[in-house]
Amino acid sequence: MRTDERLAIELPGLKLKNPVMPASGCFGFGDNRYAEMFDLNELGAIIIKAATLKPRIGNPVPRIAETKSGVLNAVGLQNPGVDVILKEKLPVLHKKYPELPIIANVAGATQAEYVEVAKRLSESGMVSALELNISCPNVHEGGMLFGTDPVIAQRLTQAVKEVSRVPVYVKLSPNVTDIVAIAQAVAAGGADGLSMINTLLGMRINLKTRSPILGNKTGGLSGPGIKPIAVRMIYQVSRAVDLPIIAMGGIETADDVLEMYMAGASAVAIGTAHFNNPTACPDLIRELPQKMDELKIDSLSELITEVRGAQ
Amino acid sequence: MRTDERLAIELPGLKLKNPVMPASGCFGFGDNRYAEMFDLNELGAIIIKAATLKPRIGNPVPRIAETKSGVLNAVGLQNPGVDVILKEKLPVLHKKYPELPIIANVAGATQAEYVEVAKRLSESGMVSALELNISCPNVHEGGMLFGTDPVIAQRLTQAVKEVSRVPVYVKLSPNVTDIVAIAQAVAAGGADGLSMINTLLGMRINLKTRSPILGNKTGGLSGPGIKPIAVRMIYQVSRAVDLPIIAMGGIETADDVLEMYMAGASAVAIGTAHFNNPTACPDLIRELPQKMDELKIDSLSELITEVRGAQ
Amino acid sequence: MLTKNDFQIIEQQELAHDIYRVILHGEFNYAGVKPGCFVMLKLPDEAYQLRRPLAIAACDSVQKTITLIYRIVGDGMRLLSKLAVGTIVNILGPLGNGFSLENVDVGTEVLLVGGGTGLPPLMMLAQVLKEKGCRVSTAVGFRTASMIFGETEFERSGQLLLATDDGSRGFKGNVGELLASQTTVSKYTNVYACGPEGLLKMVQTRFVPTETAIYLSLEGRMACGVGACEACVVSTGEGTFNKCVCVEGPVFNGREVIL
Amino acid sequence: MLTKNDFQIIEQQELAHDIYRVILHGEFNYAGVKPGCFVMLKLPDEAYQLRRPLAIAACDSVQKTITLIYRIVGDGMRLLSKLAVGTIVNILGPLGNGFSLENVDVGTEVLLVGGGTGLPPLMMLAQVLKEKGCRVSTAVGFRTASMIFGETEFERSGQLLLATDDGSRGFKGNVGELLASQTTVSKYTNVYACGPEGLLKMVQTRFVPTETAIYLSLEGRMACGVGACEACVVSTGEGTFNKCVCVEGPVFNGREVIL
Ligand SMILES: Cc1cc2nc3c(=O)[nH]c(=O)nc-3n(C[C@H](O)[C@H](O)[C@H](O)COP(=O)(O)OP(=O)(O)OC[C@H]3O[C@@H](n4cnc5c(N)ncnc54)[C@H](O)[C@@H]3O)c2cc1C
Ligand SMILES: Cc1cc2nc3c(=O)[nH]c(=O)nc-3n(C[C@H](O)[C@H](O)[C@H](O)COP(=O)(O)OP(=O)(O)OC[C@H]3O[C@@H](n4cnc5c(N)ncnc54)[C@H](O)[C@@H]3O)c2cc1C
Ligand SMILES: Cc1cc2nc3c(=O)[nH]c(=O)nc-3n(C[C@H](O)[C@H](O)[C@H](O)COP(=O)(O)O)c2cc1C
Ligand SMILES: Cc1cc2nc3c(=O)[nH]c(=O)nc-3n(C[C@H](O)[C@H](O)[C@H](O)COP(=O)(O)O)c2cc1C
Ligand code: FES
Ligand code: FES
């Protein structure tokens with residue numbers, strides 16, 4: 001059996017030769033020096049940085065702080081706005097890697113803004129799916145609220161689904177009492193899939209200044225330290241909601257990828273791991289088949305069926 | 001200035017020579033071999049293991065799993081029941097260390113059970129305060145619900161306050177959308193203080209068996225990986241609620257202790273750190289004054305006033 | 001007395017496929033060590049929150065060394081195997097009750113039964129029993145020939161029966177089958193076993209009906225190692241988890257413990 | 001070309017109080033290194049999620065070594081300082097734009113201004129400028145005499161003016177005051193500065209009104225080091241964070257960047 005066949009999976013809008021993709025915000029628009037280190041065509045897909053209607057300058061620095069087995073970030077959705085992305089960023093990426101499925105991360109402060117950004121991106125013909133970021137903890141106008149209230153989350157999903165020409169994955173916030181309720185709400189709103197998890201709201205304090213290290217005070221916690229929370233949430237949601245899940249949250253190794261699958265995931269995104277290991281994605285793609293041999297897993301799509309079928 | 005004066009703090013029911021105490025569940029009833037390694041009289045206080053009305057046999061093994069910078073536990077409140085604790089455990093501890101303030105952790109499946117356990121413990125004359133565990137993720141009968149619904153949390157706090165002869169600290173669950181709302185509710189219920197945070201609900205999966213490692217499937221995540229979440233929650237709550245906070249969640253070093261103070265804490269409890277460093281508590285007590293010198297902090301009580309006064 | 005002291009790695013060697021021996025030099029309550037006792041080793045990497053329980057395979061109070069033998073099971077043991085001579089690691093111990101040496105005397109017939117990484121504590125036990133003049137038989141099982149270790153040590157103490165699952169060395173089959181194949185079975189005063197659950201259950205099944213005293217060394221997922229957290233419980237009665245492997249074990253009376 | 005390669009520590013030495021020099025041996029795009037470039041060093045402990053940015057203080061494409069000089073700031077640098085010779089660490093690099101060497105020629109007057117851990121990139125710069133035949137003056141500040149390092153290197157390249165905050169060596173005061181105290185001020189073609197924000201602002205204040213080209217090397221809290229995360233932004237225009245220190249810096253035109 002050829003490697004790619006064993007790793008291939010099909011999800012709404014996404015025919016992936018392997019399930020590994022950089023997570024939103026950790027790989028820009030593919031326009032960074034990581035691309036010097038491996039061929040982006042090797043990736044299953046790429047999730048690009050959040051797009052908003054207007055350009056956003058983001059949060060004051062410092063935007064990053066380290067924690068034990070984690071990273072706090074408060075970049076604040078800095079981006080040049082959807083129009084520049086459509087005109088300058090996406091065409092470059094799409095032209096350079098015509099076979100690479102692109103998932104566009106959509107953010108906004110109001111429902112109308114989300115809808116407008118989603119509409120424009122999905123109409124571009126350059127993106128295979130949208131990832132609705134209803135969970136970013138680093139914007140103040142209400143970004144977080146969308147992800148913590150089931151009613152609002154459902155309404156937003158529905159509104160975006162009405163305009164989108166490509167499948168919509170909703171990215172859930174872990175900062176909630178009941179993740180299953182949110183997942184069920186966005187499923188009812190017509191989501192084609194879920195992305196989970198976004199970052200946990202955290203803080204570090206500078207002992208010398210006695211105030212928070214991050215310019216934004218709080219930030220989103222990512223990295224291997226949050227993996228057990230991601231696994232738990234994916235496990236719970238996959239048993240309650242019949243939607244494919246793109247898993248993220250602390251994935252570093254092929255073992256981590258398979259742990260996510262066994263929790264109920266259908267694909268994986270890699271964020272923080274890039275910082276220590278810039279070639280995390282191609283490394284995982286290379287290591288997966290060997291791990292699968294050890295664990296007697298024939299193909300990822302079979303594994304999905306086994307895990308999700310056994311619900 | 002003598003070391004103890006700089007570290008001394010007074011909280012409802014607790015006159016502590018230093019702010020460092022073992023967290024509930026990580027030091028038994030003081031009846032373990034950690035006590036061979038240092039004199040428990042050095043501690044500021046001790047929080048003993050959860051007591052329930054009836055004996056609890058706890059969860060099936062494995063009860064513990066390691067995660068990056070964290071530990072998942074699902075001990076499941078195993079304890080011999082409040083009567084045995086009152087007859088056998090507390091008297092031994094109290095007699096051996098008559099000056100050591102004891103905080104009793106109270107758990108239950110129903111409000112009536114909490115009330116009864118709290119009543120008996122507080123009447124024993126052996127405990128200085130109660131810590132109401134409304135947040136343990138490892139019991140199924142509803143333990144968790146008490147900590148995630150403000151109305152229920154307030155009612156429970158009020159009922160316990162009515163019977164308790166000693167001050168009541170309510171231990172909050174971090175597994176909520178809005179920690180401030182819960183803190184405000186228990187404050188309204190008459191809590192004398194808060195303990196935060198309990199563990200985050202997590203899971204790990206055994207790749208070979210393809211099922212959760214823990215016998216209970218999910219467990220509570222503790223350790224340095226969750227510290228940024230604890231800091232954030234303590235920061236938020238200390239700015240909204242005028243109650244002293246016993247901080248816990250990943251504290252390992254004197255720096256961590258001071259970070260908790262700067263977030264708004266008034267004392268600290270140490271759990272997971274014991275496993276790597278059995279003398280974590282006395283080590284911190286020894287290191288704190290030196291760190292305070294470096295950071296020009298005269299005394300912890302002044303630091304509390306500065307941080308909480310500056311709200 | 002329980003201590004947590006820094007020890008220095010003075011030898012690190014691969015004994016068999018994925019099986020390593022590390023010799024550590026440091027201060028310790030050597031007098032308190034019995035065969036079957038263990039230590040908890042702190043891994044020198046801040047991401048690891050739990051110490052690793054490892055049996056003491058040998059210890060020398062004069063040279064101030066302890067010997068640990070371990071298999072690469074996961075990330076922790078892999079990390080340990082990569083530590084160079086000279087590296088400092090922290091050791092908490094000695095822990096656990098150790099094997100009972102009651103009723104052993106010159107000429108006493110004892111049987112040691114072990115599998116895989118159950119062998120290290122039996123290696124120290126075999127030596128102590130031999131010194132006491134016992135007649136020591138040891139039956140050990142490995143998956144395959146490339147994983148065999150400890151032969152010399154066990155042969156030094158008495159008779160060694162060896163099995164491999166695939167028959168690549170010694171008897172083909174597991175230790176239970178090996179014991180069953182023995183036509184002349186001695187009347188053992190004591191049997192001591194350490195290894196996978198299946199092996200311990202086999203020893204129970206085989207010896208509970210006899211007069212032999214049974215000592216089983218158990219494993220348990222541990223956090224504290226000192227009886228503080230109740231992670232490592234086992235049961236010696238229906239519907240309870242009443243014993244901690246770390247302080248009331250790891251060695252239990254094979255007639256009491258429910259596996 | 002950007003690589004992440006394993007390097008071996010071949011020398012580790014404390015140069016001054018809490019200041020260390022480590023020399024690393026490994027493969028690298030040596031040809032791509034300019035003074036002011038940096039690397040990101042992965043700490044060999046799994047709890048650390050971020051590589052540490054460190055300037056290249058010297059590099060030798062023949063011996064295949066790079067030299068880093070660092071101060072113990074926090075846990076990461078403390079860990080680095082404890083790594084023994086022989087230890088392997090992973091290096092991502094070379095990163096950053098480096099100092100501009102435009103308009104430098106034989107006899108060109110250049111000034112280097114540095115403070116504390118801003119010195120390492122200036123050490124390599126000083127050597128390169130000297131090789132180009134420039135007349136190099138360097139003004140450096142330290143908190144106190146016990147923290148001084150790099151004297152020999154800077155003196156080798158030209159004139160060295162030295163200040164300590166407490167006056168325990170050289171001029172008493174900061175580098176700004178030291179420069180102000182100089183009665184004969186040369187007309188520098190270029191000024192290069194690296195150090196704390198206060199020092200960089202002083203250089204702006206002093207040289208923006210002159211003809212001198214100003215190159216400031218900035219620090220920034222970094223995650224990726226390659227322009228992927230936008231953690232390390234600075235501004236070259238009001239109301240924006242439009243430049244990444246890691247790829248568009250760390251060296252910026254001192255007339256454009258807003259500190
Ligand atoms: C009393 C006692 C004595 C032991 N003596 C030896 C010995 O002499 N030689 C030897 O090779 N092994 C021994 N073990 C097993 C040894 O502790 C594990 O193999 C080791 O902890 C695995 O660590 P890891 O990080 O490589 O594996 P991982 O699976 O990555 O470890 C994850 C967690 O699970 C725990 N764990 C995994 N396997 C076991 C296990 N079998 N028993 C207990 N905890 C486990 C680890 O301690 C750690 O907390 C002993 C166990 C106990 C309880
Ligand atoms: C381009 C560049 C070149 C540098 N060159 C040198 C050098 O040659 N010598 C030297 O001693 N220092 C240099 N620094 C600063 C050095 O990166 C920090 O001192 C170091 O990262 C501190 O790590 P730590 O773990 O000891 O401190 P901690 O404070 O524990 O680190 C926590 C986090 O903050 C970051 N951080 C802390 N201080 C700084 C800082 N001043 N700048 C950027 N990130 C920081 C760390 O990288 C880490 O992510 C440079 C920084 C940059 C951006
Ligand atoms: C620096 C940084 C920037 C991020 N930016 C975004 C973003 O713009 N949109 C988004 O949906 N998630 C963003 N995330 C969250 C990640 O996509 C991912 O959900 C999270 O980091 C968990 O995965 P990880 O542990 O592998 O990093 C960001 C994360 C980091 C670390
Ligand atoms: C093994 C273990 C058992 C615990 N048992 C209890 C308990 O009985 N009652 C309780 O309120 N919290 C219990 N906790 C939670 C701790 O008291 C503490 O709130 C949490 O672990 C966070 O602190 P830490 O990171 O320092 O461990 C337990 C934690 C661990 C690791
Ligand atoms: S490991 Fe904690 S009680 Fe045994
Ligand atoms: S550090 Fe990521 S963009 Fe500069």
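Just so it is clear: chains get the letters A, B, ... in the order the sequence lines come, proteins before strands, and each one is counted from 1.
In this structure, chain A has no heavy atom under 4.5 Å from any part of B:Lys291. Residue B:Pro212 touches chain A through its side chain alone, counting heavy-atom pairs closer than 4.5 Å. Residue A:Gln236 touches chain B through its side chain alone, counting heavy-atom pairs closer than 4.5 Å. Heavy atoms closer than 4.5 Å to chain A are found in the side chain of B:Leu303, but not in its backbone.
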| query | Going through the distances and angles, do B:Lys68 and A:Asp256 end up as a side-chain contact (heavy atoms from CB on, under 4.5 Å)? | reply | CA-CA 12 Å; B:Lys68 288 280 167 72; A:Asp256 295 337; 5.9 Å; no

Original post:
Which is it for A:Ile297 and B:Arg210 under the side-chain contact (heavy atoms from CB on, under 4.5 Å) test, yes or no, and what are the steps along the way?
Top reply: CA-CA 11 Å; A:Ile297 297 165; B:Arg210 302 194 187 177; 3.3 Å; yes

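Counting heavy-atom neighbours within 6.0 Å of B:Gln290 CD, excluding the residue itself, gives a total of 12 or less.
Rounding to the nearest 0.5 Å places NZ of A:Lys208 at 8.0 Å from CG of B:Leu295. Atom CD of residue A:Glu259 and atom CE of residue B:Met203 lie 9.5 Å apart, to the nearest 0.5 angstrom. Between A:Leu207 atom CG and B:Asp255 atom CG the span is 5.0 Å, to the nearest 0.5 Å.
Checked against A:Arg232 for a side-chain contact (heavy atoms from CB on, under 4.5 Å), the options B:Leu221, B:Leu72, B:Thr218, B:Ile205 give a single hit: B:Thr218.
Between chain A and the options B:Gly225, B:Gly202, B:Pro174, B:Pro224, the largest number of non-hydrogen pairs under 4.5 Å is found for B:Gly202.
With hydrogens and angles disregarded, no donor-acceptor distance shorter than 3.5 Å links the side chain of A:Thr148 to the backbone of B:Thr177.
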